[in-house]
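What follows is a set of notes on a single structure, which appears directly below.
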Amino acid sequence: MGWFEERGGLAGSVAVVTGGAGGLGGAIVADLVANGVHPAVLDLDPAATAELAQSLAEQGRDAVVHHGDARDPVALAALFEAADARWGRLDTLVNVVGGTFRAPFTDTGPKGWDALLRTNLTHVLHACGLAVPRMRAGGHGGSIINITTIEAHRAAPGFAVYSAAKAAVEQFARTLAVEVAPDRIRVNNIAPDFVPTPNLERIGTGDNAMLDPAGVKVAIPMGRAGHLTDISHCAVFLASGLSSYLTGTTLHPDGGTGASAGWFNWPVEGWANHAPLRVLRASEETR
């Protein structure tokens, strides 16, 4: 047994992952499974769910994979109950499900707000409500991990309710972390910035400048977009014993965008917290 395996203690543990059949969730499940974790996965995408189930079966992995909507309390409870029946324990919960659409706040209404809250906040409350009693009953603690976003930490024009919901998840996690700390249950968040996924492509990024290497170099200090494994590695760390004294906090795999806080690395001028005059003039000429 290697250093990480010995100290990580993941082999034989059980993780419930919502939205775990593709994108960020798929990468997280893959890395947890690679470290000996038994996954119980719920995902809304039928094709991705079927593909994941087949892949895990071909690898000989012990897993539960359900097609369903994490926003549905009945479907969510069924996943936890299936994990109970299969393994009789729960060590990790990873809440991946999320989503948004772009629109000015004044162009949205109660129906849209409710959809965003159900997609980004309410299911997290339901999942934690199901996970904590099970982790307490197990008597060996546990780890709850929420995938949030950098938009929970900065203004996000066009995504006001989404960013508010993600910020609410983080504040909920801080408070829950304190409440369950005596039970050795840890609650933490992962807040990525730009990581290209099919869901992100559906939202759209304006003129898609962030999909161009030049645009990424301007906006992200490390000069590249995030990789799925940048996020999944954080999830493995938070699930493992290596983070056993870390709770109520957020990891920021964002390439430095949170730290740069509005400063951009322009190709000619270098770092500035405003658009260069040449860019402004070029913009005026094209009007």
Side-chain angles (χ1 to χ4, degrees), residues 7-10 13-20 24-25 28 32 35 37 40 42 70-71 73 76-77 79-80 83-84 89-98 116-156 161-193 231-254 258-259 261:
R7 298 193 182 190
L10 288 173
S13 65
V14 173
V16 165
V17 185
T18 67
L24 292 180
I28 289 168
L32 289 174
N35 284 281
V37 176
L42 180 66
R71 297 170 296 184
L76 199 56
L79 181 70
F80 279 84
D84 292 341
R89 64 182 292 167
L90 178 62
D91 305 278
T92 302
L93 166 65
V94 188
N95 291 307
V96 181
V97 171
L116 287 169
L117 292 175
R118 289 180 62 242
T119 301
N120 295 287
L121 173 61
T122 310
H123 73 87
V124 174
L125 308 183
H126 288 161
C128 290
L130 291 165
V132 168
R134 288 168 165 82
M135 291 177 176
R136 279 177 170 156
H140 48 259
S143 176
I144 296 173
I145 304 162
N146 304 310
I147 305 301
T148 62
T149 172
I150 192 173
E151 313 305 348
H153 300 266
R154 67 183 183 186
V161 178
Y162 168 74
S163 64
K166 290 298 190 181
V169 170
E170 296 217 0
Q171 183 60 17
F172 166 71
R174 292 184 190 99
T175 301
L176 182 62
V178 174
E179 292 185 7
V180 300
D183 301 297
R184 292 188 296 134
I185 300 171
R186 297 174 290 110
V187 189
N188 294 289
N189 311 296
I190 302 172
D193 189 5
I231 316 309
S232 62
H233 292 170
C234 290
V236 170
F237 167 68
L238 290 175
S240 78
L242 271 67
S243 60
S244 62
Y245 202 53
L246 188 69
T247 195
T249 193
T250 300
L251 301 185
H252 294 270
D254 59 14

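Rounding to the nearest 0.5 Å gives a distance of 6.0 Å between CE of M135 and CD1 of I185. To the nearest 0.5 angstrom, H252 atom NE2 is 11.0 Å from I190 atom CD1. The structure places OG of S163 at 12.0 Å from CD1 of I150, a figure rounded to the nearest 0.5 Å. Taking CD1 from I147 and CG from N120, the interatomic distance works out to 12.5 Å, rounded to the nearest 0.5 Å. Atom CG in L238 sits 6.0 Å away from atom CG in L246 (nearest 0.5 Å). Summarising the geometry, atom CZ belonging to F80 is positioned 11.5 Å from atom NE2 belonging to H126; distances are rounded to the nearest 0.5 Å.
Side chain of T18 to backbone of L42: no donor-acceptor contact under 3.5 angstrom is found. A donor-acceptor contact shorter than 3.5 Å is absent between the side chain of H123 and the backbone of R118. The backbone N or O of D84 lies less than 3.5 Å from no partner atom in the side chain of R89, so there is not a single donor-acceptor pair. With hydrogens and angles disregarded, no donor-acceptor distance shorter than 3.5 Å links the side chain of D91 to the backbone of S13. Under the 3.5 Å distance criterion, the side-chain polar atoms of T149 are left unmatched by any main-chain donor or acceptor of A191. S244 places no side-chain N or O within donor-acceptor distance of the main-chain N or O of S240, the cut-off being under 3.5 Å.
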key: Stepwise side chain to side chain contact (heavy atoms under 4.5 Å, CB included) test for T92 and V16   = CA-CA 6 Å; T92 302; V16 165; over 6 Å; no
task = Start with the C-alpha gap between F237 and I145, add the side-chain angles, then the distance that decides, and say whether side chain to side chain contact (heavy atoms under 4.5 Å, CB included) holds.
result = CA-CA 10 Å; F237 167 68; I145 304 162; over 6 Å; no
task = List the steps and the verdict of side chain to side chain contact (heavy atoms under 4.5 Å, CB included) for I144 and V132.
result = CA-CA 9 Å; I144 296 173; V132 168; 3.9 Å; yes
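Evaluated for a side chain to side chain donor-acceptor pair (under 3.5 Å) with T250, the options T148, N189, N188 yield exactly one hit, N189.
For the residue pair L76 and A70, the shortest heavy atom distance occurs at CD2-O, 3.8 Å. Scanning both residues, E151 and D193, for their nearest heavy atoms gives OE2-OD1, 4.5 Å. Between A15 and L32, the shortest heavy-atom distance links the atoms CB-CD1, 4.1 Å. Nearest heavy-atom pair, A173 versus N146, reported as atom, atom and distance to 0.1 Å: CB-ND2, 3.7 Å.
Between the side chains of R71 and T122, no donor-acceptor pair is found at a separation under 3.5 Å. S243 and R186 share a side-chain donor-acceptor pair at under 3.5 Å.
Annotation: ring-ring contact (aromatic ring centres under 6.0 Å, His included) contacts of H233 (sequence neighbours excluded): none. Residues forming a side chain to side chain donor-acceptor pair (under 3.5 Å) with S143 (at least two apart in sequence, or on another chain): none.
Considering only heavy atoms from C-beta on, L10 comes within 4.5 Å of V236 through its side chain. For the pair R136 and V180, the minimum side-chain heavy-atom distance is below 4.5 Å. Within the 4.5 Å cutoff, side-chain heavy atoms of L176 are placed close to those of C128.
The existence of a salt bridge linking E170 and R174 is confirmed by a sub-4.0 Å separation between a basic side-chain nitrogen and an acidic carboxylate oxygen. In summary, D254 and R154 do not engage in a salt bridge, as defined by a charged side-chain N under 4.0 Å from a carboxylate O.
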